[in-house]
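Here the structure comes first, spelled out in structure tokens, and everything after it is commentary.
Residue numbers count from 1 along this sequence.
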Amino acid sequence: MPDNFVRVGIVTAVDAVNRRARVLFQDMGFSSGWLNVLRHGQQDTWMPNINDSAVVLYLPVWQGDGFVLGVL
């Protein structure tokens, strides 16, 4: 995914204990692995919901880790 560092997709699974989510990128026809969800300030409890549109940032390296930045 080196050409698509920032992606928007649909949250398909949430692991609140480990602060992770999986995201489906419908335009590319695949789902992410587990992505870490960033904290928003002092809010430790925020997590996306299933079916939310999420903004994901991938590190610019081959098979780099990704992070859920927030939802739209």
Query raised in the report: Measuring from Arg22:CZ to Asp15:CG, what's the distance to the nearest 0.5 Å?
Result: 10.0 Å

Requested in this report: Report yes or no: do Val8 and Ile10 belong to one cluster of Ile/Leu/Val/Met/Phe/Trp/Tyr joined by side chain heavy-atom distances under 4.5 Å?
Outcome: no

Query raised in the report: Do Phe25 and Val56 have side chains that get closer than 4.5 Å, going by heavy atoms?
Result: yes

**Report entry** Inter-residue atom distance Trp46.CH2 - Arg19.CZ, 0.5 Å rounding
**Finding:** 8.0 Å

Requested in this report: Return the minimal non-hydrogen interatomic distance between Phe67 and Asp65, and the atom names on each side.
Outcome: CE1-O, 4.2 Å

Query raised in the report: Nearest heavy-atom pair of Leu35 and Tyr58: which atoms, and what distance?
Result: CD2-OH, 4.0 Å

**Report entry** Distance, nearest 0.5 Å, that separates CG of Asp52 from CG of Leu72
**Finding:** 9.0 Å

**Report entry** Nearest non-hydrogen partners of Val68 and Ala21, listed with the distance
**Finding:** CG2-CB, 4.3 Å

Query raised in the report: So how far is it from Arg7 CZ to Leu24 CG, rounded to the nearest 0.5 Å?
Result: 10.5 Å

Report task. Tell me whether Trp34 is reachable from Leu38 by hopping between hydrophobic residues (I, L, V, M, F, W, Y) whose side-chain heavy atoms are closer than 4.5 Å. Result -> no

Query raised in the report: So do the side chains of Val23 and Ser31 get within less than 4.5 Å of each other, counting heavy atoms only?
Result: no

**Report entry** Minimal non-hydrogen separation, Val11 against Asn49, with atom names
**Finding:** CB-O, 3.4 Å

Report task. Grab the two heavy atoms, one from Pro48 and one from Val14, that are nearest each other, plus how far apart they are. Result -> O-CG2, 3.3 Å

